[in-house]
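Worksheet: the structure to be examined is printed underneath.
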2 protein chains.
Amino acid sequence: MSDLRTAINPLFLREEELRQAIELLFFAYRDFTAEPDAILAEYGFGRAHHRVIYFVGRHPDMTVSDLLAILRITKQSLSRVLGQLVDEGFVTQRPGARDRRQRLLQLTEKGIELERQLTERQRARIARAYRDAGAEAVEGFRKVMLGLIDEDDRGRFPPRGGVRR
Amino acid sequence: MSDLRTAINPLFLREEELRQAIELLFFAYRDFTAEPDAILAEYGFGRAHHRVIYFVGRHPDMTVSDLLAILRITKQSLSRVLGQLVDEGFVTQRPGARDRRQRLLQLTEKGIELERQLTERQRARIARAYRDAGAEAVEGFRKVMLGLIDEDDRGRFPPRGGVRR
DNA sequence: CATATAAGTCAATATGACTGACTTAACCGT
DNA sequence: ACGGTTAAGTCAGTCATATTGACTTATATG
């Protein structure tokens, strides 16, 4: 028996470890998006609507440009989705005070309610995983995930100062 | 100043922590798929082709049903993508020996080469993140990611026995 | 033999994304 | 005040990924 790959070659372990990470990302993302997708379908929306609702909820008064930079899609792609959300009363726009060319985006009450409904499933999934894994594992998770993200977007995640006491 | 949310309410910290996890997943997946997507575009392929190539490479002689169960898409959706890959000589099929209704899937040399090209970028990204984060963080990452995955698919990830010495 | 299963097919539709070209309004520096 | 730039939006065409639903073919299995 004694498999050459595992018994002798440390490069195989490395390869296996990296492949597992690829699959962890695939399966985690697949399952992480499945629940909200099912809710969205009831509204005739898709995942793109969720992203808009999520980030507008997270950063009220963000501009269209900000949103495009986060989503990394074209404005033509955003246009349909955002237009639908505005038409159906989930998102409102108002001109920027400093720069009146900007359209600052906000969620309506209806939008806030949908955002809450969509995100609470995801939060519950994460809360369970965090609880089961423990605080130390959570720190490791954050570290690795940050390392996977392009450098220019890491600044979105403030370093967590240890709780002073 | 002294923000009510951070200064007093521990539930806000919790909420913030969970939201950050949502965003870590979004940004990590976005950046993780961007590089292979660019390569795939040169072949006229999309992310769905990558998934098929990846999993067939990972599990040679897997059946179409196995693949459908992993990807969680309909066979009609898979059909086009798989058909293209077969037509263009990246994947081959042969009837199962035990059950001749099955079509066992394999990568051709060409398919293996493309798989390698696509996945090596992702492996490099993960290797860098793993190295920067350290072994302990990697363990935490694995624990949390596993917790995010639906229970019925966790068995795909064998527990890592500590290296005996 | 009857039923169930694995795979594939045809048709219609929705969603999310793209490129390219263009407009409108507002800002901003010289 | 003009001219260039930027923010946003629009029109048109295309492509990839996915869906539902109905059906066929071949093979397996009780």
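Residue numbers start from 1 in every chain, and the chains themselves are labelled A, B, ... in the order their sequence lines are given, proteins ahead of strands. Atom set for the values below is all heavy atoms of this structure, side chains included, hydrogens, waters and symmetry mates excluded.
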To the nearest angstrom, how far is A:Arg101 atom CZ from D:dG4 atom C1'?
12 Å
Considering only side-chain heavy atoms of A:Arg80, which listed nucleotide, D:dA28, C:dC18, C:dT15, is closest?
C:dT15
The correct set of residues in residues 42-58 of chain B placing a heavy atom under 4.0 Å from DNA chain D is B:Gly44, B:Gly46, B:Arg47, B:Ala48, B:His49, B:Arg51
Can you tell me if the side-chain N/O atoms of B:Thr74 get under 4.0 Å from OP1 or OP2 in D:dA18?
no
Whole angstrom value for the distance that separates P of C:dT15 from CG of A:Leu40
11 Å
When you match A:Val81 and B:Leu68 each to their closest nucleotide on DNA chain C, which lands nearer the 5' end?
B:Leu68
Evaluation steps, side-chain contact (heavy atoms from CB on, under 4.5 Å), between B:Arg123 and A:Arg19
CA-CA 7 Å; B:Arg123 280 199 306 256; A:Arg19 281 198 175 267; 4.0 Å; yes
For the pair B:Val81 and B:Ile73, evaluate side-chain contact (heavy atoms from CB on, under 4.5 Å) and give the outcome as yes or no after the intermediate values.
CA-CA 12 Å; B:Val81 170; B:Ile73 58 175; over 6 Å; no
Could you check whether any side-chain N or O of B:Glu136 sits under 3.5 Å from a backbone N or O of B:Gly134, counting only pairs where one atom can act as donor and the other as acceptor?
no
Can you check the A:Leu105 CG to D:dA7 C1' distance for me, whole Å?
12 Å
What is the distance from CG of B:Asp61 to P of C:dA6, rounded to the nearest Å?
17 Å
Pair A:Glu113 + A:Lys110, salt bridge at N-O below 4.0 Å:
no
Within this structure, what is the CE-CZ distance for the pair B:Met145 and A:Phe26, rounded to the nearest 0.5 Å?
12.0 Å
Round to the nearest Å and state the distance from B:Leu85 atom CG to D:dT17 atom C1'.
14 Å
Tell me: CD of B:Glu88 to P of D:dA16, nearest whole Å?
11 Å
Between C1' on C:dA26 and CG on A:Leu104, what's the gap in Å once rounded to a whole number?
14 Å
I'd like to compare against my own output: the B/S/- annotation of nucleotides 8-13 of chain C with a strict under-4.0 Å heavy-atom distance to protein.
BBB---
Parallel, tilted or perpendicular: which one describes the rings of B:Phe157 and A:Phe27, with boundaries at 30° and 60°?
perpendicular
Ion pair check, A:Arg72 and B:Asp31, cut-off under 4.0 Å:
yes
side-chain N/O B:Arg100 vs D:dA26 OP1/OP2, d < 4.0 Å
no
Answer yes or no: is there a side-chain heavy-atom contact under 4.5 Å between B:Asp61 and B:Gln106?
yes
Take atom CZ of A:Arg94 and atom C1' of D:dA7, then tell me their distance rounded to the nearest Å.
16 Å
Is it true that A:Tyr43 and A:Gln117 share a donor-acceptor pair across their side chains at a distance under 3.5 Å?
yes
